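Before any comments, here is the structure.
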Amino acid sequence: MSKNQNILIIGAGLCGSLLALRMAQRGFQVTLVEKRPDLRKIIQDAGRSINLALSDRGLRGLRIAGVEEAAKKLCIPMNGRMIHDKAGNTFLSPYSGRKNEYINSVSRPGLNMLLLDEAEKMPNVKIIFNHACENVDLENASAVFKEFNSDKEITISADVIFGTDGAGSAVRKNMYENHKFLFSFSQQWLGHGYKELEIPAAENNGYRTYKNALHIWPRGEDMLIALPNLDGSFTVTLFLPYENNDYCFANLTTPEMVHEYFNKEYPDVVEMIPNLSEEFFNNPIGPLGTVKCSPWNSFGKVLLLGDAAHAIVPFYGQGMNASFEDVVVFDEILEKYASEENINWNTILKEYESKRINDTDAIADLAVDNFHEMKEHTAMEIFQNKRKLETAFEAEFPEEYYSKYSLVTFKESISYSEAMKRGRAQDKAILNLLDDGKLTEEMSLKEKLELVKKETQAILHDDEVAFG
Ligand SMILES: Cc1cc2nc3c(=O)[nH]c(=O)nc-3n(C[C@H](O)[C@H](O)[C@H](O)COP(=O)(O)OP(=O)(O)OC[C@H]3O[C@@H](n4cnc5c(N)ncnc54)[C@H](O)[C@@H]3O)c2cc1C
């Protein structure tokens, strides 16, 4: 494959930086352009530490670019969900019965900085900050950028352009507004928004609550979660309806209301956030939405990846992981054509899209399912019993059983769409059997597993007959 090709990547977030690094490792000439200032030099997001859950699919992306071990140094393992009830009781629900399966809390800027550092080390990568993409000539693979400070415009041409400019993608907007091909686009918002808060570190960088878990305070319509940071603090995220609820963003308008709400719903958290109302009013409310669109490729010259192609709600902790997996899938296709003399970008971009789109649609739907599971189901007895049973299956029969969560999060050898199909059938099977009282005390764990498998197969068969 001829490497004498200029690649333009728009957006140096998590996906764009990893893609730039990997394309450079393959020998292409890469220009990576980012709207914001260099986050390694200028503190952003008002200095708040924002973290994400990194799991196996994301780690695989980092591995192919040789940065997995460096990334792991930024990670804190989270072995399960620590559920907090209103009375302050807690219990840990492991993510898996297999001891080696856990997710990781990682600093978003920390990981982004690592990827930028590694990309910048490559002699064939040029990174330009402070330049926002304004317009893309899709047919001729060139883009116009405006410099943040001076408003000066520059135009960059390439052989192929990758739009990795996130959920509000300017590249996607150009596809939407181009009338020479049919572009489908949907955006669905939840009625909830989110707000980040912080539990500061205790003395000597100690943790004010258990370190190695993703903490959840499920309250039905609203929910608080917290992920640990390396400095002892936790990044807390409140998910709350915008309006039409006893407590919602529209009516939490005074420090008294905020304290009343937290004292009622999250009393054990109040004492851990000393500047609660200050933080609440200083930090912005973020929207939660799903973006689906197609095609991702236009004229064989421009391709969307990451959130620009498929933004999802954060409840499966998979947005970044899916974006890193995009790079893996794309890289596999490049590898397939590596021995060909000339690059046919049209073929490569189309093949990537047709291989990937069902999977990103699946994780988008699973993420919405998990929103309901986290805020409501984690507190319900039948779901807790289901999790206990699944954890026991995974511990006792590690090769035979993977819960839906494990299929999505830890089994990157199967696709998101397959994980969704199998996982949903399993969930339905176990919940039905529990509800019907068919998983009795007298049965051995093996007998229970066999019954669950049989019921799952029957559901999969019915689905096959109904939906093909
Ligand atoms: C509250 C919340 C929690 C989340 N938690 C998790 C989690 O636990 N695990 C997980 O896997 N995912 C999580 N996600 C999802 C994750 O953040 C995204 O999926 C991931 O950041 C996507 O990476 P990206 O590079 O495609 O987009 P981004 O990270 O958004 O990067 C896009 C980049 O493009 C730049 N850009 C934008 N417009 C332009 C332009 N016009 N010109 C040039 N540059 C531009 C931006 O400045 C940015 O640097 C969460 C998301 C949210 C909102």
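Both ligands and their constituent atoms are indexed starting at 1 by order of listing. These numbers were taken from a predicted model, which means no experiment stands behind them. Below, all heavy atoms of this structure are taken into account, side chains as well, without hydrogens, waters or symmetry copies. Counting begins at 1 with the first residue of the sequence.
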Which protein non-hydrogen atom lies closest to [atom], naming both residue and atom, and how far is it?
| atom | answer |
| --- | --- |
| atom 6 (C) of ligand 1 | Leu52 CD2, 3.3 Å |
| atom 43 (C) of ligand 1 | Lys35 N, 3.3 Å |
| atom 35 (C) of ligand 1 | Glu34 OE1, 3.2 Å |

State whether the shortest distance between N or O atoms of [X] and N or O atoms of ligand 1 falls below 3.5 angstrom.
| X | answer |
| --- | --- |
| Cys133 | yes |
| Asn321 | yes |
| Pro314 | no |

Under 4.0 Å from a heavy atom of [X]: give me the atoms of ligand 1 that qualify, with their elements.
| X | answer |
| --- | --- |
| Gly306 | 26 (O) |
| Thr164 | 32 (C), 33 (C), 34 (O) |
| His131 | 43 (C) |
| Arg36 | 47 (O) |
| Ala53 | 7 (C), 8 (O), 9 (N), 10 (C), 11 (O) |
| Gly166 | 27 (O), 30 (O), 32 (C) |

Quiz item: Between Phe371, Tyr95, Tyr416, Tyr405, which is the residue that forms a ring pair (Phe, Tyr, Trp, His ring centres under 6.0 Å) with Tyr316?
Solution: Tyr405
Practice problem: Check for a donor-acceptor pair, side chain of Glu196 on one end and backbone N or O of Thr235 on the other, with a separation under 3.5 Å. | Solution: no
Self-check item: Region of Ala170 engaging ligand 1 - heavy atom pairs below 4.0 Å
Solution: side chain
Exercise. Using a 4.0 Å heavy-atom cut-off, say whether Phe145 meets ligand 1 through its side chain, its backbone, both or neither.
Key: neither
